[in-house]
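In what follows, a structure is listed as structure tokens, so that the remarks can point back to it.
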Amino acid sequence: MHLAPASRPARGLARAALLLVLVSACAAPANNPPARSPARAVTGAELAQARGSAAERRTLFDAEQRLTAACMRERGWPYRPLTWRADVPRPETDPRRADDVDLRRRAGYGAAAAATERPPADPNGDRLRAMAKAQRERYGQALFGTPGHRIEVKLPDGTAFMNTDGCIARAENRLYGDLKVWLGAQMSVMNLEGEISRRNFADPQVERTLRPWRACMKEAGHTYPDPEAAKAAFVRAYGELAERGGRHPDGARELRRREVRVAVADATCDRNTGRARTLRTRDAAHRDEVARERGQAVQTYRTLREQALAEAE
């Protein structure tokens, strides 16, 4: 599964791991339309849990991996199922909590974790790297499918597409049935938080808090255009330190002290200017907007996910 314009074919199983963990969607030909759930309005408060529980997501992920591995064996290729990787809660990265001074004092921006986070290990990578180029291409076609079997769905922020003849597609088809419907519903649900975040930061009430925030930060001795830029500066600094091999522990400690100092000033200015408070209010309003606009996709996603859970169990 891809979002245009990133239409390059997958290069190896490292990308497969990332796609499966972050998106976990591939397709097969449409065949079984989902049963319609009784009409019930989706509320904004429900959107944070629209993807289901962690246990449900793991059940479906593991089922997809088992089915994919079986398909690859049938096609004569080895494939070791990927390992489920649970989301790690990081409250320090939530802009709605950016005025929590105590949290900033404990965790800073969470920049060190953001800079050093890596995709999950690919258990098939060594075998894939040992293959000749032509063999790797055939392996990728067996797993991901070929462009001649591409289907597309239009989304609010672009186009999602997938190839329907790969083993991932066959696994998804077994679980979800009509995967053109599934692709549209799943990508709508996967994009919910990003869509809400974009609306939040484009909101005039939120934008009006930036000027007093900048003035407060400047008075504290820090010059950044916005809180996201402050965090990004420390993520880059930690990344550069890691590239040097982390051979300067004093440098890491000093970087941590500076991060916390700026993050605490940020939270203090945020509290004084009401930025996160405004963001929380507008976030609730935008969640209600998105729930009204994407409610049918959320309902379809729930229906297909429930059917897949029954099949997986």
Side-chain angles (χ1 to χ4, degrees), residues 1-6 19 21-25 27 33-54 56-57 60-61 86-100 152-162 176 178-210 226-228 231 270 274-309:
M1 188 289 310
H2 306 269
L3 273 176
L19 285 170
V21 170
L22 295 181
V23 179
S24 187
R36 294 293 179 185
S37 299
R40 183 182 70 79
V42 177
T43 67
E46 292 178 287
L47 295 186
Q49 302 301 321
R51 294 171 59 202
S53 69
E56 290 171 336
R57 296 200 303 274
L60 292 175
F61 178 89
D87 296 334
V88 178
R90 289 190 179 138
E92 67 274 15
T93 67
D94 186 347
R96 295 168 299 183
R97 296 191 60 180
D99 56 354
D100 188 333
E152 298 181 351
V153 294
K154 298 294 184 183
L155 299 169
D157 58 350
T159 300
F161 64 89
M162 63 180 77
Y176 302 106
D178 185 338
L179 289 186
K180 188 165 188 179
V181 174
W182 168 249
L183 176 63
Q186 190 200 32
M187 289 308 301
S188 293
V189 168
M190 292 291 291
N191 290 337
L192 286 174
E193 291 301 320
E195 184 172 359
I196 292 164
S197 179
R198 288 191 295 273
R199 295 189 189 200
N200 286 345
F201 287 109
D203 189 289
Q205 293 184 41
V206 176
E207 287 186 331
R208 281 196 290 271
T209 64
L210 268 180
D226 53 50
E228 291 69 39
K231 175 183 176 179
D270 194 304
R275 180 171 170 79
R277 185 167 61 251
T278 302
L279 189 59
R280 288 191 291 270
T281 300
R282 299 310 299 153
D283 179 81
H286 291 309
R287 283 179 183 278
D288 288 340
E289 290 174 0
V290 172
R292 288 192 295 271
E293 295 170 18
R294 309 284 175 252
Q296 184 57 61
V298 173
Q299 293 281 26
T300 300
Y301 177 86
R302 285 173 171 169
T303 299
L304 290 174
R305 192 191 66 207
E306 288 166 5
Q307 293 175 356
L309 283 167

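Residues Asp203 and Asn200 fail the side-chain proximity criterion, which asks for heavy atoms closer than 4.5 Å. In this structure the side chain of Arg275 never reaches within 4.5 angstrom of the side chain of Thr278, judged on heavy atoms. At least one side-chain heavy atom of Asp87 sits under 4.5 Å from a side-chain heavy atom of Arg51. Between Leu192 and Arg294 the shortest side-chain heavy-atom distance falls below 4.5 Å.
Of all non-hydrogen atoms in Glu152 and Lys180, the two that sit nearest each other are O-CE, 3.0 Å. Summarising the geometry of Gly44 relative to Ala291, their closest heavy-atom pair is N-CB, 3.6 Å, with the distance given to 0.1 Å. Between Tyr301 and Ala50, the shortest heavy-atom distance links the atoms CE2-O, 3.3 Å. Taking all atoms of both residues into account, the shortest heavy-atom contact from Val42 to Gly295 is CG2-O, 3.8 Å. In this structure, Leu155 and Ala160 approach most closely via the heavy-atom pair CD1-CB, 3.6 Å. For the residue pair Arg305 and Trp182, the shortest heavy atom distance occurs at N-CZ3, 4.4 Å.
Taking NZ of Lys231 as the reference point, atom CD of Glu92 lies at 7.5 Å (rounded to 0.5 Å). Remark: Thr303 OG1 to Tyr176 OH distance equals 13.0 Å, nearest 0.5 Å. Interatomic distance, OG of Ser197 versus CG of Asn191, reported as 12.0 Å (0.5 Å rounding). Interatomic distance, CZ of Phe201 versus NE2 of His286, reported as 10.5 Å (0.5 Å rounding).
Ion pairing of Arg97 with Asp100 is present here, as a side-chain N (NZ or NE/NH1/NH2) and a carboxylate O approach within less than 4.0 Å. Using a 4.0 Å cut-off between charged side-chain N and carboxylate O, Asp283 and Arg287 make a salt bridge.
Remark: side-chain polar atoms of Arg280 are paired, donor with acceptor, to backbone N or O of Arg96 under 3.5 angstrom. In this structure, the side chain of Thr281 engages the main chain of Arg277 through a donor-acceptor pair within 3.5 Å.
With sequence neighbours left out, the side chain to side chain donor-acceptor pair (under 3.5 Å) criterion links Arg199 to Glu195, Glu289, Glu293.
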